[in-house]
Amino acid sequence: MRDFRGRVAVITGAGSGIGRALAVELATRGARLALSEISPESLAGTAAACVERGAEVRAYHLDVADRSAVLAHARRVRQDFGGADLVVNNAGVTLLASVTEATWEDVRWVMDVDFWGVVHGTRAFLPMLVASGGHLVNVSSMYGMVPAPAQSAYNAAKFAVRGFTESVLQEMRVGRLPVGVSCVYPGQVRTGILRHARVGRGLGYQGLRERFAEEARTSPEQAARTILRGVLANRPKILVGADARRVDLLSRLLGSAYPRLTARRVRREADRARADAMRARLAAQRVRRSDPRPR
């Protein structure tokens, strides 16, 4: 794929974050857009922004965890656009909770969206991509390369996306099929994924959210441009952000030692969060004791 002008781009999770930025960037490059999202309100905003840039846009309400809905969506896109040239399986959610406190429902929710959503989208649209000589993009995460505490469900889903996508790439090569395949590994991108995460009760989780907000250096727009450069270069592995590149390098250099270093860091942050919470409670108690108003 040399450019995106006139190409049909299918993007899931297009209502916000990287999905929205990809849609807007592709609109400026002349792509025709089939955008989907589980939230119609957020998707309407993305569609409007793309229309303002002169793009042909159709918006679809879609739950990627619903296999029948994704298959029907693919049929509708074929009817509306005649096929697909670029498919980005981007929709994702996360859960901040330890293995013991996460509910079965929460774990299944993450796997259904983050992993099965990618499988559904790949299988539904792959015949169109074979016909068009198009490109498949599946979004994993830097946590699809290394594990992290309180992210077991997310890690499992994103590692699975990585393995699934790399296998699809091998199948395309072995079968000499004209489909480019890329797995994307975003680092900390300034999206709302943690803001909308399901969260356990541990004291350290708020600290993780705050650290993410402080350390996320990559904007969704930067992420979108990086991904599209990778597609045009037909890169199987697209690393988004300096942190993702650093994790990739260190995980390859340090091997099994890298997760241990990550665990130590998170443990220190959890300890600090507990200490901060205790200080806050003590301060509140002092304020209450010093308040002369009757109770």
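Computed over heavy atoms, backbone and side chain alike; hydrogens, waters and symmetry mates excluded.
Taking the side chain as every heavy atom from C-beta outward, Tyr154 and Leu96 never approach each other to under 4.5 Å. Inter-residue side-chain proximity for Val113 and Val64 is flagged as met; some heavy-atom pair is nearer than 4.5 Å. Within the 4.5 Å cutoff, no side-chain heavy atoms of Arg7 are placed close to those of His135. In this structure, the side chains of Leu35 and Thr46 come closer than 4.5 Å at one or more pairs of heavy atoms. Side-chain contact between Met128 and Val8 is absent, with no heavy atoms from C-beta onward closer than 4.5 Å. The side-chain heavy atoms of Val161 and Asp114, taken from C-beta on, include no pair separated by under 4.5 Å. At least one side-chain heavy atom of Val77 sits under 4.5 Å from a side-chain heavy atom of Phe125. Looking at heavy atoms from C-beta onward, Asn138 lies out of side-chain contact with Val168 at the 4.5 angstrom threshold.
A donor-acceptor contact shorter than 3.5 Å links the side chain of Thr12 to the backbone of Ala91. Within the 3.5 Å criterion, the main-chain N or O of Val139 finds a donor-acceptor partner in the side chain of Lys158. Using modelled atom types, one side-chain atom of Arg53 and one backbone atom of Ala49 make a donor-acceptor pair closer than 3.5 Å. Checking side-chain atoms of Asp243 against main-chain N and O of Gln188 turns up a donor-acceptor pair under 3.5 Å. Although no hydrogens or angles enter the test, the distance criterion places no donor-acceptor pair under 3.5 Å between the side chain of Asp63 and the main chain of Ile38.
Here the CD atom belonging to Glu221 is positioned 10.0 Å from the CG atom belonging to Leu22, to the nearest 0.5 angstrom. To the nearest 0.5 Å, atoms CG (Asn89) and OG1 (Thr122) are separated by 4.5 Å. Between the CZ atom of Arg20 and the SG atom of Cys50 there is a distance of 8.0 Å, given to the nearest 0.5 Å. With rounding to the nearest 0.5 angstrom, the CG atom of Asn90 is 8.0 Å from the CD1 atom of Ile11. Leu239 CG to Thr226 OG1: the interatomic distance, rounded to the nearest 0.5 Å, is 10.0 Å. Annotation: the span from Arg225 atom CZ to Gln222 atom CD amounts to 6.0 Å, rounded to 0.5 Å.
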### Task
Show the numbers, then the answer: is there a side-chain contact (heavy atoms from CB on, under 4.5 Å) between Asp66 and His120?
CA-CA 8 Å; Asp66 184 337; His120 296 158; over 6 Å; no
### Message
Please evaluate residues Leu177 and Leu126 with respect to the criterion side-chain contact (heavy atoms from CB on, under 4.5 Å), reporting the C-alpha separation (whole Å), side-chain torsions for both, the decisive distance (0.1 Å), and the verdict.
### Response
CA-CA 11 Å; Leu177 296 172; Leu126 194 55; over 6 Å; no
### Message
If you apply the rule side-chain contact (heavy atoms from CB on, under 4.5 Å), what do you find for Arg75 with Arg78, and how did you get there?
### Response
CA-CA 5 Å; Arg75 292 192 294 269; Arg78 186 191 291 276; 5.7 Å; no
### Task
Start with the C-alpha gap between Tyr185 and Asp248, add the side-chain angles, then the distance that decides, and say whether side-chain contact (heavy atoms from CB on, under 4.5 Å) holds.
CA-CA 9 Å; Tyr185 302 89; Asp248 177 57; over 6 Å; no
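Within a 6.0 Å sphere centred on CZ of Arg29, heavy atoms belonging to other residues, nucleotides or ligands number more than 12.
Residues Val184 and Val24 do not share a hydrophobic cluster, defined by chaining ILVMFWY side chains whose heavy atoms lie under 4.5 Å apart. Linking Ile, Leu, Val, Met, Phe, Trp and Tyr whenever their side-chain heavy atoms come within less than 4.5 Å puts Val119 and Met172 in one cluster. If you chain together hydrophobic residues whose side chains sit under 4.5 Å apart, Phe164 and Leu169 fall into the same group. Follow the hydrophobic side-chain contacts under 4.5 Å out from Leu232 and you reach Ile238 in the same cluster. Phe159 and Leu250 end up in different hydrophobic clusters when Ile, Leu, Val, Met, Phe, Trp and Tyr side chains are linked at under 4.5 Å.
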